[in-house]
Every structure is written in C-alpha cells, then in structure tokens.
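Naming convention: chains lettered A, B, ... in sequence-line order (proteins, then strands); numbering from 1 in each chain. For clarity, every value in this text was computed on a predicted model and none was experimentally measured.
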There are 2 protein chains.
Amino acid sequence: MKRSLDELAETLTHIDDRELMARFLQELLTAREAERISGRWEIVKRLSEGLPQRRIAEELGLSLCNITRGSRELRRRDSAIRTILEREGYTPIPPDESGP
Amino acid sequence: MKRSLDELAETLTHIDDRELMARFLQELLTAREAERISGRWEIVKRLSEGLPQRRIAEELGLSLCNITRGSRELRRRDSAIRTILEREGYTPIPPDESGP
DNA sequence: ACCGGTGTTTCTATAACCAGAAACAGGACC
DNA sequence: GGTCCTGTTTCTGGTTATAGAAACACCGGT
C-alpha cells in the first residue's frame, strides 16, 4: 500500500543523525538494493551537473537504462529529486518546457 | 560503494517535510522496491508489538522469509531499527541477551 | 553533406528477491 | 506423552531490476 510508504517517509523525517540514518537504511535494505538506490542517487547528482550520460554510465559502472530513468525524473516539472538537489547545492538542469 | 549510501543518508536527514520525503522515495525507488521496503517496515513494526509471525505474514500478504529477516535485525543489540521504533512510540521486544 | 557526440529506446540474458510450502526444534498446556 | 502454537530454516519456481549491446533520431561543426 501507498499508506505504508507515507508512514515510512514520516519516520525518516524524524531522523536527524546521519550515522543513524545510514545504519537504518542498511538494515532495512538488502545489500544489492542499497547499491542500486545509492547508484541512482549518484546518477541524478551527475546528471544535474550536466555530465554526458555515457560518461556517467562508465564512471559508475552502470547501464544506460538507469540513466534514462533518472533523466526522466529530472525533466518532470514537479520533481522532488530536483527540489532536493537544489537544496543540497547542486544546480539541476531546468525542467522540460514542452511539458505534458 | 558504501560512501554513496552515506551521502544519501545525510541528504535524507535534511528533509523535514513528510510529503516531500514521500515523493522523493517514490521517484528514487521502483514501484516494487517501494512495496518491498515499506513491507519490511510494516513487518518490524508488527514484530515489535509482539504479533505472531504467521499472522503478520497473513495480514501483509508476505512470506515468512521476510519476517525472519526482520526479526533477526530486531534481535541485534545495536539495531538502528529498534532505536527508531522506540522513538516512534513502538515498544520493541528486548534484545537477545545471549548475544554474540 | 558528412560525421561525431548526444539522448533515448529496445533487446536478451543474468542475478537478486520473494512467495509458498515444507520441515525442524522449542515451549505451554492438557 | 500428546498436541498445538511458536520461531526458524530450507527448498523450488517465478518475478523484477539490471547489464551490455545495439539501434534510432537530433544537433552542431567542419
């Protein structure tokens, strides 16, 4: 259910300690999931810096299908990932003007 | 890399808005991953309440292999999940006394 | 016009995670 | 002793996300 994810999201907002958050993630995720998810985070960070997708794939040892996925999210006008990236000091590319 | 997960963890600690956190998760996770992960969260919540594992499996439509996994984490003395559950008002079962 | 770089999509094979069932050991109760 | 409920582990098959390669269209420079 979506409700469950909302509750988990709220719980995460209550965690302010970086180290506790990291341990919490490692316990809740499988090792491979942690790799995949943090890999996606690296992807969107690099995409927001304007790096070419093929170079990102090389650097991270990931496949292009992931990059496309991340770039789709970044292009959405109301993307939460873009909002977070801005707050973290990254400079995201502008949203797609020719929106849906 | 583990370093990436630490960075993601730190970013998560900067998000205080529940709704933004939920959207961020939905964009960063696949639909199935979100189901699985929030399912695990439901599992440990119910485990901490002392519900029988088979009843949890029934209620959530999940298999016992997941429950065992969660219960293993909860038994660890330095479990981050237990720490979080306590903060959220749940009353986790005590850690395994015959620890490693 | 050509060519190199770009973003995007599609294909097949592989590996991770899980459902469902079964089996085992331990304890409580009668 | 027998029975039931409990937690735990193991097995097989199926689903899901990905890697790696290939193909397409677009654009700018020469």
Side-chain angles (χ1 to χ4, degrees), chain A residues 1-2 4-5 8 25-77 79 81-82 92-100, chain B residues 1-2 4-5 8 25-77 79 81-82 92-100:
Chain A
M1 288 195 222
K2 189 163 172 306
S4 298
L5 193 65
L8 177 59
L25 292 182
Q26 285 177 1
E27 293 177 12
L28 202 59
L29 305 176
T30 69
R32 304 312 189 284
E33 280 171 347
E35 280 179 25
R36 289 177 183 178
I37 294 167
S38 58
R40 287 177 209 148
W41 180 235
E42 291 294 325
I43 286 175
V44 292
K45 281 197 296 185
R46 282 165 171 74
L47 278 175
S48 77
E49 290 168 343
L51 285 173
Q53 297 191 2
R54 280 177 178 79
R55 184 136 149 260
I56 298 177
E58 263 185 280
E59 281 183 16
L60 299 178
L62 298 173
S63 187
L64 277 177
C65 48
N66 293 294
I67 321 282
T68 301
R69 187 177 188 284
S71 109
R72 248 196 306 260
E73 289 296 344
L74 282 184
R75 275 206 313 272
R76 290 182 43 232
R77 207 186 309 274
S79 164
I81 289 183
R82 275 187 48 241
I93 56 182
D96 195 350
E97 295 297 341
S98 62
Chain B
M1 293 194 217
K2 191 165 171 303
S4 298
L5 192 67
L8 177 58
L25 292 182
Q26 285 178 358
E27 294 177 11
L28 204 58
L29 306 176
T30 68
R32 305 311 189 285
E33 279 170 348
E35 281 178 24
R36 289 177 183 177
I37 294 167
S38 59
R40 288 179 208 145
W41 180 236
E42 292 294 325
I43 286 175
V44 293
K45 282 196 295 185
R46 283 165 171 75
L47 278 175
S48 76
E49 290 167 345
L51 285 173
Q53 298 191 3
R54 280 177 178 78
R55 187 137 147 259
I56 299 176
E58 261 186 281
E59 282 184 14
L60 299 179
L62 297 173
S63 185
L64 277 178
C65 48
N66 294 295
I67 321 281
T68 301
R69 186 177 190 286
S71 109
R72 249 197 305 260
E73 289 295 343
L74 282 183
R75 275 206 313 272
R76 290 183 43 231
R77 206 186 309 274
S79 164
I81 290 182
R82 276 187 47 241
I93 56 181
D96 194 351
E97 295 296 342
S98 62

Quiz item: Among dA17(D), dG20(D), dC17(C), which is the nearest nucleotide to the side chain of Glu33(A)?
Solution: dC17(C)
Quiz item: To the nearest Å, how far apart are Arg55(B) CZ and dG7(D) C1'?
Solution: 16 Å
Quiz item: Considering only dC17(C), dG7(D), dA19(D), which nucleotide approaches the side chain of Pro52(B) most closely?
Solution: dG7(D)
Self-check item: Ile43(A) CD1 - dA17(D) P separation (whole Å)
Solution: 15 Å
Quiz prompt | Phosphate OP1/OP2 of dA19(C) contacted by Asn66(B) side-chain N/O (<4.0 Å) | solution = yes
Self-check item: Residue of the set Glu42(B), Lys45(B), Arg40(B) for which side chain to side chain donor-acceptor pair (under 3.5 Å) holds with Ser4(A)
Solution: Glu42(B)
Quiz item: Is any side-chain nitrogen or oxygen of Arg36(A) closer than 4.0 Å to OP1 or OP2 of dA17(D)?
Solution: no
Self-check item: Distance, rounded to the nearest Å, where Glu35(A) contributes CD and dA17(D) contributes C1'
Solution: 13 Å
Exercise. Decide yes or no for Ile67(A) and Leu60(A): does some side-chain heavy atom of the first lie under 4.5 Å from some side-chain heavy atom of the second?
Key: no
Which protein N or O atoms sit under 3.5 Å from an N or O of nucleotides 8-12 of chain D?
from	atom 1	to	atom 2	distance (Å)
dT8(D)	OP1	Ser71(B)	OG	3.4
dT8(D)	OP1	Arg75(B)	NH1	2.1
dT8(D)	OP2	Gln53(B)	NE2	2.4
dT8(D)	OP2	Ser71(B)	OG	2.7
dT8(D)	O4	Arg54(B)	NH2	3.2
dT9(D)	OP2	Arg72(B)	NH1	2.9

Quiz item: Given atom CG of Leu29(B) and atom P of dT16(D), what is their separation to the nearest angstrom?
Solution: 16 Å
Practice problem: Return the value, rounded to whole Å, for the distance between atom CG of Leu60(B) and atom P of dA19(C). | Solution: 10 Å
Quiz item: Ile37(B) has an atom CD1; how far is it from atom P of dC17(C), in whole Å?
Solution: 11 Å
Exercise. Let me know the distance between CG of Leu62(A) and C1' of dA19(D), rounded to the nearest Å.
Key: 9 Å
Quiz item: Does dT18(D) have OP1 or OP2 sitting under 4.0 Å from an N or O in the side chain of Arg40(A)?
Solution: yes
Quiz item: Given Glu33(B) and Arg36(A), is the side-chain contact (heavy atoms from CB on, under 4.5 Å) satisfied, shown in steps?
Solution: CA-CA 11 Å; Glu33(B) 279 170 348; Arg36(A) 289 177 183 178; 4.3 Å; yes
Quiz item: Out of curiosity, Ser48(B) OG to Ile43(B) CD1, how far, rounded to the nearest 0.5 Å?
Solution: 12.0 Å
Quiz item: What's the spacing between Gln53(B) CD and Leu62(B) CG if we round to 0.5 Å?
Solution: 12.5 Å
Quiz item: Within this structure, what is the CD-to-C1' distance between Glu58(B) and dT6(D), rounded to whole angstrom?
Solution: 14 Å
Distances for protein N or O near nucleotides 28-30 of chain C N or O, under 3.5 Å:
none

Quiz item: When you check the side-chain N and O atoms of Glu73(A) and Ser79(A), is any donor under 3.5 Å from an acceptor?
Solution: no
Quiz item: Within the pair Thr30(B) and dA17(D), is there a side-chain N or O less than 4.0 Å away from OP1 or OP2?
Solution: yes
Exercise. Please examine the side chains of Cys65(A) and Thr68(A), heavy atoms only from C-beta on, and report whether any two atoms are closer than 4.5 Å.
Key: no
Practice problem: Check whether any side-chain heavy atom of Leu25(A) lies under 4.5 Å from a side-chain heavy atom of Ile37(A), and answer yes or no. | Solution: no
Quiz item: Counting N and O atoms only, with roles assigned by atom type, does the side chain of Glu27(A) sit under 3.5 Å from a partner on the main chain of Ile81(B), one being a donor and the other an acceptor?
Solution: yes
